[in-house]
Number of protein chains: 2
Amino acid sequence: MSQDSRAKSPAESAQGAALETILQQWKRERPDLDPSPMAVCGALRRANDRVRTAVEGNAAKGGLDGAGFDVLLTLRRQGRGQTLTPSELAGEMMLSTSAMTNRLDRLEKRGLIERRSDPKDRRSLKIALTEDGFTLADRLVTSHLAAEEQMLAPLDTAEREDLKRLLAKVGA
Amino acid sequence: MSQDSRAKSPAESAQGAALETILQQWKRERPDLDPSPMAVCGALRRANDRVRTAVEGNAAKGGLDGAGFDVLLTLRRQGRGQTLTPSELAGEMMLSTSAMTNRLDRLEKRGLIERRSDPKDRRSLKIALTEDGFTLADRLVTSHLAAEEQMLAPLDTAEREDLKRLLAKVGA
DNA sequence: ATCAAATAGTTCGATATCAAATTATCTTAT
DNA sequence: ATAAGATAATTTGATATCGAACTATTTGAT
């Protein structure tokens, strides 16, 4: 009777089908299966999506997408004047080196990073933040942490520790 | 002295820089900031990545990518013979309708779904699983749940409930 | 010393995504 | 009844990604 799973609130459509609905559908279609892992993995995915959206919103304030933002912050946290090679950057952020070439091209055009040739190995490059890049990274990391803190605001310190501990066990 | 944060184990490079290292770098570079939200959000992202990799690995066993897999399972859980329009599918999985057109093209070429014209509204389409699509979805959902269950194996029932509750609070 | 193999970065070809424009059809206001 | 606007799906154009091929160097084996 109350199986009007077609009803869709605006809130739901903004984030896809409700997890509750999905679970009920599977219980009906495949009563031989236990769909409960979907509830946990679905909650994980939704939470990650919410955080990602918030983080990308912050990056956009600096005119960056998530990709460029990651590069800038990875370089910034190495320390002033420190460099990484394109390969190291790709490794740190689980990206192909060809995608990294593309990201670096864009950041270089915007004057946020520069490619320096390595005198020790002429195949290699040192990627460094420019002054502008350093400044922008320093500004964005502050608001980035504020945005993340806001996402975590409903959790107290103990809950955050619990969450970290439990997340570390997923797929361990 | 012991700031040899350049050391990189093979295990780390497979999943990017170690979270611990990242936190230490920020403490050194920006002692004015509290980087602890990064630890939680980073753990969230890593856990989600591990689950996504496992889930895509399962989809690949059916010759599908994550995209096609999602479409197939979304249709399957509606029930045998049930249909959704391309717009509804796009809405359920937070995707543009143009991306959905593309996904449906591929699945149709493989004979897993079919587009039926809607006699009630000739602008609209009903997307239905073929017999092959239904069979494949039924096979894949079983191994999909097994793969998710394996990712959650280190967590007991109470921990899974805790994790769901905590994840729901993130960004709430 | 020399040449084969490994490595760093880029380029190329294919694919997936999105937003905007397009086509066809339906709904609504008059 | 009809025209204006809304809606469904697709096409188009731009961009980002990956894996493979490519170029330039360096390393290592003999």
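Residue numbers begin at 1 in each chain, while the letters A, B, ... track the order of the sequences.
- Close to dT10(C), at under 4.0 Å from its OP1 or OP2, lies no side-chain N or O of Arg123(A).
- When both pairing distances are held under 3.5 Å, dT30(D) makes a Watson-Crick or G-U pair with dA1(C).
- Phosphate contact (OP1/OP2 of dA16(D), side-chain N/O of Arg106(A), threshold under 4.0 Å): present.
- Taking atom CZ on Arg122(B) and atom C1' on dA8(D), their separation rounds to 13 Å, with Å as the unit.
- The base of dA19(C) sits within donor-acceptor range of the side chain of Ser98(B), with an N or O pair under 3.5 Å.
- Protein atom CE of Met100(B) is 12 Å distant from nucleotide atom C1' of dT17(C), rounded to whole Å.
- With DNA chain D read from its 5' end, the first of the two nearest nucleotides for Lys120(A) and Asn102(A) is the one closest to Asn102(A).
- Distance CG (Asp70(A)) to P (dT17(D)): 10 Å, rounded to an integer number of Å.
- To the nearest angstrom, P of dT10(D) lies 13 Å from CG of Asp118(B).
- For dG9(C), the OP1/OP2 oxygens have no side-chain nitrogen or oxygen of Arg115(A) closer than 4.0 Å.
- Across the protein-nucleic acid pair, Leu125(A) atom CG and dT23(D) atom P stand 18 Å apart, rounded to whole Å.
- In this entry the distance linking CE of Met94(B) with C1' of dC18(C) reads 15 Å, nearest Å.
- Of the candidate nucleotides dC18(C), dG9(C), dA8(D), dA8(D) has the atom lying nearest to any side-chain atom of Ser124(B).
- Rounded to whole Å, the distance from CG on Leu89(B) to P on dA9(D) is 9 Å.
- Note on Thr97(B): a base of the nucleic acid sits closer than 4.0 angstrom, heavy atoms only.
- Under the 4.0 Å criterion applied to side-chain N and carboxylate O atoms, Lys126(B) and Glu88(B) are not assigned as salt-bridge partners.
- The 5' end of DNA chain D is approached more closely, in terms of each residue's nearest nucleotide, by Asp105(B) than by the other of Asp105(B) and Pro119(A).
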* To do: Could you walk me through whether Leu89(A) and Arg103(A) pass side chain to side chain contact (heavy atoms under 4.5 Å, CB included), step by step?
  => CA-CA 11 Å; Leu89(A) 280 166; Arg103(A) 289 189 184 190; over 6 Å; no

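- The environment of Arg160(B) atom CZ is dense: over 12 non-hydrogen atoms of other residues, nucleotides or ligands sit within 6.0 angstrom.
- Here dA8(D) is the nucleotide among dA8(D), dG9(C), dT17(C) with the atom lying nearest to any side-chain atom of Ser87(B).
- Checking the phosphate oxygens (OP1, OP2) of dT11(C), no side-chain nitrogen or oxygen of Thr101(A) falls inside 4.0 Å.
- Rounded to a whole Å, the CG atom of Asp121(B) is 7 Å from the C1' atom of dA8(D).
- For the residue pair Ser36(B)/Asp34(B), the side-chain donor-acceptor check at 3.5 Å is satisfied.
- The two atoms that bring Arg77(B) and Ala17(A) nearest to each other are NH2-CB, 3.6 Å, heavy atoms only.
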